[in-house]
S.K.: 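Below is a structure I'd like to ask you about.
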Amino acid sequence: MAATSVVVLDRGNNTTCTVNLFGATVVSWRVNNQEQLFVSKQAVFDGKRAIRGGIPFVFPQFGQWAFGPQHGFARVARWHVEKMPERLPSGDVEAVFSLMDDDFTRSMWHFQFRLTYRLILREKELHFNIGVYNPSKELTFSCQLLLHTYFKVPDVRRCQITGMHGCMFIDKTREGAVYQETREVVTINEWTDRIYQNTMQEHIITNVVSGRKMRIQKYNFPDTVIWNPWAEFAKEIPDFGDDEFPNMVCVEAGRVAAPIVLLPGTAFEASQILQVM
Ligand code: TA6
């Protein structure tokens, strides 16, 4: 892979965000030198397999796909740098990445599209602004979109996640059966793989790095997926260490339950803010 495969947003004070152009995967977010994201020690960086950790970008399909790889092609495509990291008057650092249809994407999905991915690194926050545009004059397309965020945690059993109370969820650990969340906070003590629908705009995860809290704010991302493979599935994932499951939790903001339908010439926008509290 070309040497310039990563772009670093550096705000100073050991606060950085590193993006791998392969999938526009955020592979590191350090706040005052503390890494907030989990990347498996077994992760493969071969420009073919999706990176196991960080923030893979899921588009145009979440989950299994008849026409291409699980979770779509965006996380295994090479993205372009629209705007190299630039310090804003506020002291924050901004960069913009993009992906458009090409022979690779059209080999699976015959639609024109344009994705823009704007990242803004603030003191204790990372902002994600996503645009999906349909440049076609004739064709409408539908798609799903999700940020598959792997948070680094000292012990997932001590994490509590707010913002799902009362929400319906598809439980992929129980053949996709649908249930309602009755707990005020979600805790994880077993294999967990759930698609929560119409969740709160805000989630707080307790006991992340150095016992702090992580705040997730999301806009136009009505769904939240929560995943931990636990011991039994950790063994089945080749690029994931058997003993790594206690140190990560995926809390994924997305639009998956009801697909996005984009008429010709129209666009969809969504955003997420991660904040170390
Ligand atoms: O987002 C949760 C999930 O869909 C799980 O079902 C599990 O498959 C996970 O993603 C990882 O998927 P991957 O294709 O990266 O192995």
Side-chain angles (χ1 to χ4, degrees), residues 20 22-27 37-77 108-109 128 130 143-153 156 159 161 163-164 167-179 181 186 188 190-199 203 205 214 216 218 221-242 244-259 270 272 274:
N20 193 310
F22 178 66
T25 309
V26 177
V27 289
L37 301 176
F38 167 90
V39 175
S40 171
K41 295 187 189 64
Q42 320 272 338
V44 177
F45 294 85
D46 63 359
K48 295 190 185 68
R49 172 186 278 272
I51 296 170
R52 179 60 66 194
I55 309 179
F57 191 111
V58 172
F59 173 91
Q61 173 80 21
F62 175 78
Q64 294 291 329
W65 194 23
F67 307 111
Q70 159 138 308
H71 293 332
F73 51 64
R75 66 175 182 163
V76 292
M108 294 168 266
W109 199 60
F128 308 75
I130 297 166
C143 61
Q144 297 166 303
L145 178 66
L146 173 134
L147 294 174
H148 199 299
T149 309
Y150 289 74
F151 292 99
K152 184 178 180 176
V153 296
V156 69
C159 293
I161 310 166
M164 259 67 70
C167 296
M168 304 307 289
F169 66 92
I170 296 166
D171 190 337
K172 289 167 79 172
T173 72
R174 288 181 271 182
E175 282 86 45
V178 177
Y179 301 90
E181 183 56 75
V186 168
I188 296 171
E190 59 181 355
W191 170 38
T192 301
D193 194 353
R194 299 175 170 199
I195 304 171
Y196 285 92
Q197 299 162 34
N198 302 315
T199 55
H203 301 299
I205 312 172
M214 180 67 70
I216 303 170
K218 55 190 180 76
F221 276 146
D223 308 314
T224 305
V225 174
I226 298 194
W227 179 60
N228 185 292
W230 218 247
E232 64 256 51
F233 278 95
K235 293 188 182 63
E236 304 207 356
I237 305 172
D239 57 349
F240 188 90
D242 294 0
E244 290 186 314
F245 69 91
N247 304 125
M248 55 72 68
V249 63
C250 285
V251 181
E252 312 160 23
R255 167 84 181 251
V256 293
Q272 170 181 262
L274 301 181

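The basis for the numbers below is simple: all heavy atoms, side chains too, and nothing from hydrogens, waters or symmetry mates. Whatever order the structure lists ligands and atoms in, that order sets their numbers, starting from 1.
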S.K.: How far is atom 8 (O) of ligand 1 from its nearest protein heavy atom, and which residue and atom is that?
M.R.: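 It is Q70 NE2, 3.1 Å.
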S.K.: Only one of I205, I226, T224 passes side-chain contact (heavy atoms from CB on, under 4.5 Å) with V186; say which it is.
M.R.: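 Filter result, single survivor: I226.
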S.K.: Check ligand 1 against H71 and write out every atom of the ligand that is under 4.0 Å from a heavy-atom position of the residue.
M.R.: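 Near H71, the atoms of ligand 1 are 3 (C), 4 (O), 10 (O), 12 (O), 14 (O).
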S.K.: If we ignore hydrogens and angles and just use 3.5 Å, is the side chain of D239 paired with the main-chain N or O of V44 as donor and acceptor?
M.R.: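 Checked: no pair found.
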S.K.: Test your reading of the model: is there a side-chain donor-acceptor pair from N228 to the backbone of M248, 3.5 Å cut-off?
M.R.: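 Answer holds: yes.
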S.K.: For F62, is the nearest heavy atom under 4.0 Å from an atom of ligand 1?
M.R.: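 True for this residue.
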S.K.: Are L145 and F59 side-chain neighbours, meaning at least one heavy-atom pair lies under 4.5 Å?
M.R.: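 The answer is yes; the side chains approach within 4.5 Å.
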S.K.: Can you find an N/O atom of W227 closer than 3.5 Å to an N/O atom of ligand 1?
M.R.: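 No: no nitrogen or oxygen of W227 is under 3.5 Å from one in ligand 1.
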S.K.: Compare every heavy atom of P56 with every heavy atom of R75, then report the nearest pair and how far apart it is.
M.R.: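 Heavy atoms of R75 and P56 come nearest at CD-CB, 4.1 Å.
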S.K.: Is there a side-chain contact between F45 and I51 (heavy atoms, below 4.5 Å)?
M.R.: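 Counting from C-beta outward, F45 and I51 do come under 4.5 Å.
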S.K.: Side-chain contact test, heavy atoms from C-beta onward, threshold under 4.5 Å: evaluate it for F245 versus W191 and give yes or no.
M.R.: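 Result no, sub-4.5 Å side-chain heavy-atom pair not found.
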S.K.: What are the atoms of ligand 1, with element, lying closer than 4.0 Å to any heavy atom of K172?
M.R.: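 Per the distance check, 4 (O), 6 (O).
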S.K.: Any atoms of ligand 1 less than 4.0 Å from a non-hydrogen atom of V225? List them with their elements.
M.R.: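 Those qualifying, in numeric order: 1 (O), 2 (C).
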S.K.: Give the numbers and elements of all ligand 1 atoms closer than 4.0 Å to a heavy atom of R52.
M.R.: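 Those of ligand 1 that fall under 4.0 Å from R52 are 11 (C), 13 (P), 15 (O), 16 (O).
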S.K.: I'd like to check which ligand 1 atoms, numbered from 1 as shown, lie under 4.0 Å from a non-hydrogen atom of D193.
M.R.: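 Counting atoms of ligand 1 from 1, those under 4.0 Å from D193 are 2 (C), 5 (C), 6 (O).
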S.K.: Taking only heavy atoms of R75 into account, list the atoms of ligand 1 that are under 4.0 Å away from them.
M.R.: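 Reading through ligand 1 atom by atom, the close ones are 13 (P), 14 (O), 15 (O).
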